[in-house]
Amino acid sequence: MIRPMFCRLSFIACFVSLTIVSVCDNISASQENSSAMAKFLPKTMRAVGFYKYLPISDPSSLLDLEVALPTMQNNDVLVEVKATAVNPIDTKLRAPKPTIETTPRILGFDGAGVVVAKGDASKIFKIGDEVFFTGDFRRNGSNAQYVALDEVLVGLKPKKLSFEQAAAMPLTGVTAYESLYDRLLLSKKDAGKSLLIINSAGGVGSVASQLAKNLGLNVIGTASRKETQEFSLAHGADIVLNHTKDLIPQLEANGYGNGVDYILVNYDPYPYWDTMMQVIKPQGKICLIVDSSGLVDLKPLKTKSLTITSEMMLTRIIYNTDDKYRHHEILQEISKMLENGQLKTTLTKVMSPINAANMKEAHRLLEEQHMIGKIVVTKFEEKEKI
Ligand SMILES: *[C@@H]1O[C@H](CO)[C@@H](O)[C@H](O)[C@H]1NC(C)=O
Ligand SMILES: *[C@@H]1O[C@H](CO)[C@@H](O)[C@H](O)[C@H]1NC(C)=O
Ligand SMILES: *[C@@H]1O[C@H](CO)[C@@H](O)[C@H](O)[C@H]1NC(C)=O
């Protein structure tokens, strides 16, 4: 199993030559061994990155680069990237500012691929495992042929999904899962209660609505266009309100005149604050995943004994919390749900190959905020054969 996989990788990386063929023969004799493996990886890889933070219309906003393979840490696995998804975090990190990097910055915090090397302390995966992963935005990401990741950021790819379908799911999946299970503390005991998801057609919203539906909650989504409303209804929402209009009369018209038990806000909470304080039931909980653009009044929390909680996907990783292994467990859980059909991928657009032109187009589509579902960019162009 491992040998043919590795041989194929060598071919892709180095291209066919008699030396490589004989290298493959040697490897088959030795055991699976990450340092031996690493020895036969290419020295450089293709990547899409940048030095300057420029508007996406600028030709230099994202560049085709040839760079060294990422440096691995002890707990890392090195993943050969098959598909990478694009998220608002990418466009936010690339947004124009005067800083100039001395070394290129490579984005991409969501993807799928194959484990090709392991750090000494990494224990979870084997060479050759097909995986999907979130990223760590302090490090270089998956807009490259290889990405080095702490193994807790990685889960086994659901077998029945393609690399592209799988690549669309980790970042939004973990965020939605943590929001519902770890922050709002929802479980099957909440069946029959109501959850309002503000902006339910986006990446996180369309996973959260599926997860909540599976727990038996009544899911009230919001979206403003016919297409996004339909997408949300197809991904777990029972009803979808129009968030460009006042939500209160729409909730009343749909039988929620007494309010909702939970709210998940996948958008700037500031413009919704007063509405939320009105429609949340006493002892209700609200989870925020986007920064508030303004200061909000906490006074209304008191009489209703409300809970406000926040979700950021990398908290466990950045603060190295005692339960950081849970990040991996959640990915495994999402993988199972995708495998057994409890969750469906929110992939709607695939672009190929992974290069600066396509990554710029993907960033542009995201910045326009007209995307429905997720964009995945897949496969590097074969190197020209000499
Ligand atoms: C792995 O391979 C390297 C280089 O071939 C060798 O030095 C090392 O002893 C091997 N380690 C194991 C655990 O087999
Ligand atoms: C990202 O990759 C570039 C190219 O190899 C490298 O120079 C840079 O140091 C890396 N950045 C980080 C944060 O590892
Ligand atoms: C949502 O409301 C806005 C503002 O009234 C309106 O322009 C839009 O057509 C509505 N969307 C749908 C799907 O009805």
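Order of appearance sets the numbers: ligands from 1, and atoms from 1 within every ligand. What you see below is based on every heavy atom in this structure, not just the backbone, and it leaves out hydrogens, waters and symmetry mates. The shown structure was predicted, so the numbers you read here are calculated from the model rather than taken from an experiment.
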query = For the residue pair Phe231 and His235, does the interplanar ring angle fall in the parallel (under 30°), tilted (30 to 60°) or perpendicular (over 60°) class?
reply = tilted
key: Heavy atom of protein inside 4.0 Å of atom 9 (O) of ligand 3, strictly below   = no
task = Please check if any side-chain donor atom of Tyr177 sits under 3.5 Å from a side-chain acceptor atom of Asp182, or the reverse.
result =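 Checked: Tyr177/Asp182 side chains show no N/O donor-acceptor pair below 3.5 Å.
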What residue and heavy atom of the protein are closest to [atom], and at what distance?
atom                   : result
atom 7 (O) of ligand 2 : Thr103 CB, 3.2 Å
atom 2 (O) of ligand 3 : Asn242 ND2, 2.3 Å
atom 3 (C) of ligand 3 : Thr244 OG1, 3.1 Å

query = Looking at Asn140, which atoms of ligand 2 are within less than 4.0 Å of one of its heavy atoms?
reply =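 Listed by number with element, the hits are 1 (C), 2 (O), 3 (C), 8 (C), 10 (C), 11 (N), 12 (C), 14 (O).
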Flag side-chain contact, heavy atom, 4.5 Å: Lys379 against Ile354 = no
request  = Taking the side chain as every heavy atom from C-beta outward, state whether Val48 and Ile106 have any pair of such atoms under 4.5 Å apart.
outcome  =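 Counting from C-beta outward, Val48 and Ile106 never come under 4.5 Å.
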key: Contact (N/O only, under 3.5 Å) between Ser224 and ligand 3   = yes
request  = Please determine if Arg94 and Glu367 form a salt bridge, counting it only when a charged side-chain N lies under 4.0 Å from a carboxylate O.
outcome  =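 Yes, charged N to carboxylate O under 4.0 Å.
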note = Checking heavy-atom distances from atom 5 (O) of ligand 3 to each of Arg225, Lys245, Gln229, Glu227, the winner is Lys245
